[in-house]
2 protein chains.
Amino acid sequence: MEESDVIRALAALAHSMRLKVFRALVVTGPAGLTPGALCEALEVAPNTLSFHLKELLHAGLVTQQRDGRNLIYRASFERMTGLLAFLTANCCQGEACLAAPACATC
Amino acid sequence: MEESDVIRALAALAHSMRLKVFRALVVTGPAGLTPGALCEALEVAPNTLSFHLKELLHAGLVTQQRDGRNLIYRASFERMTGLLAFLTANCCQGEACLAAPACATC
DNA sequence: CCATTATTTCGATTATTCTTGAATCATGGA
DNA sequence: TCCATGATTCAAGAATAATCGAAATAATGG
């Protein structure tokens with residue numbers, strides 16, 4: 001993962017609504033959610049949500065798939081783990097450190 | 001870790017220079033680095049660096065300690081792991097998922 | 001106490017991002 | 001084909017963040 005990709009992903013997540021959207025998709029898992037469902041859950045206007053979903057999509061943090069007249073968005077776990085790996089890579093020059101596993105519940 | 005803290009931390013890291021600074025501190029580990037050393041390594045003006053260090057400090061991602069006429073900045077591994085944990089918490093509603101450990105080298 | 005080095009703070013300008021409303025595109029059914 | 005629904009795009013103004021030069025603060029050694 002390139003540094004520019006990492007920055008794009010971090011910037012995408014560094015916004016209240018986008019973080020909520022991403023967390024909702026992470027919690028939901030492989031089933032994913034439609035924009036309509038997210039609008040209702042997060043009480044946000046469709047165009048505003050669409051803007052933020054596009055940001056997440058462009059950052060590679062979510063994927064988009066059409067299903068009839070709905071779209072299904074899913075969190076990209078591959079991208080997320082790449083991001084986490086970048087932040088901790090080569091920490092402490094290989095010495096023992098306090099970095100804990102990323103996913104406590106899995 | 002509160003959502004607002006997470007956003008602050010993500011926003012702090014979502015900037016090329018700040019990410020470089022943070023990575024340099026992560027790689028260096030507990031010894032830490034002075035602003036002067038970072039200035040030289042990253043080829044940045046002292047006041048610009050100071051601005052960004054303050055952002056990282058305010059986000060809790062780095063700590064500051066005075067040592068004579070130098071300041072020593074260190075990455076806060078505690079904060080970083082808290083951030084990583086937030087992003088992956090409750091993923092996939094407890095189902096098995098692909099989330100990998102955060103720190104591959106430690 | 002003064003000079004020097006290290007680092008931060010201030011203020012103004014520029015650039016970027018967020019929000020909002022109206023318009024547009026895509027799909028499925030009558 | 002026409003309409004309704006789900007979702008996105010566009011353009012503007014408002015808010016926020018980044019940059020840079022100049023000045024200020026902090027600590028040490030002479």
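We use all heavy atoms of the structure for the numbers below, so side chains are in, but hydrogens, waters and symmetry mates are not. Convention: sequence-line order gives letters A, B, ...; per-chain numbering from 1.
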Report task. Taking only heavy atoms on the protein side, list every residue of residues 32-41 of chain B lying under 4.0 Å from any atom of DNA chain D, sorted numerically. Result -> none
Nearest whole angstrom, please: distance from the [atom2] of [N] to the [atom1] of [X].
{"X": "A:D67", "N": "C:dT27", "atom1": "CG", "atom2": "C1'", "answer": "11 Å"}
{"X": "A:I7", "N": "D:dA17", "atom1": "CD1", "atom2": "P", "answer": "17 Å"}
{"X": "A:R66", "N": "D:dG6", "atom1": "CZ", "atom2": "P", "answer": "12 Å"}
{"X": "B:N47", "N": "D:dT19", "atom1": "CG", "atom2": "C1'", "answer": "9 Å"}
{"X": "A:I72", "N": "D:dG6", "atom1": "CD1", "atom2": "C1'", "answer": "13 Å"}
{"X": "A:K54", "N": "C:dT19", "atom1": "NZ", "atom2": "P", "answer": "15 Å"}
{"X": "B:F51", "N": "C:dA15", "atom1": "CZ", "atom2": "C1'", "answer": "13 Å"}
{"X": "B:R8", "N": "D:dT16", "atom1": "CZ", "atom2": "C1'", "answer": "13 Å"}

Requested in this report: With the side chain of A:H15 defined as its heavy atoms from C-beta on, choose the nearest nucleotide among D:dT8, C:dT27, C:dC18.
Outcome: C:dC18
Requested in this report: Among C:dT8, D:dA7, D:dT19, find the nucleotide with the atom closest to the side chain of B:Q64.
Outcome: C:dT8
Query raised in the report: More 5' along DNA chain D: A:T48 or A:N70, using each one's nearest nucleotide?
Result: A:N70
Heavy-atom side-chain proximity of [X] to [Y] below 4.5 angstrom:
{"X": "A:V26", "Y": "B:L87", "value": "no"}
{"X": "A:L13", "Y": "A:L56", "value": "yes"}
{"X": "B:T48", "Y": "B:M17", "value": "yes"}
{"X": "A:L84", "Y": "B:T88", "value": "yes"}

**Report entry** Side-chain N or O of B:H52 closer than 4.0 Å to phosphate OP1/OP2 of D:dT19
**Finding:** yes
Query - Any donor-acceptor pair under 3.5 Å from A:R79 side chain to A:A59 backbone - result: yes
Report summary line: DNA chain C nearest-nucleotide lookup for B:Y73 and B:R69: closer to the 5′ end is B:R69
Query raised in the report: Heavy-atom count around B:E40 CD within 6.0 Å, excluding the residue itself: above 12?
Result: no
Query - Heavy-atom pair of closest approach, residues B:L49 and B:C39 - result: CD2-SG, 3.6 Å
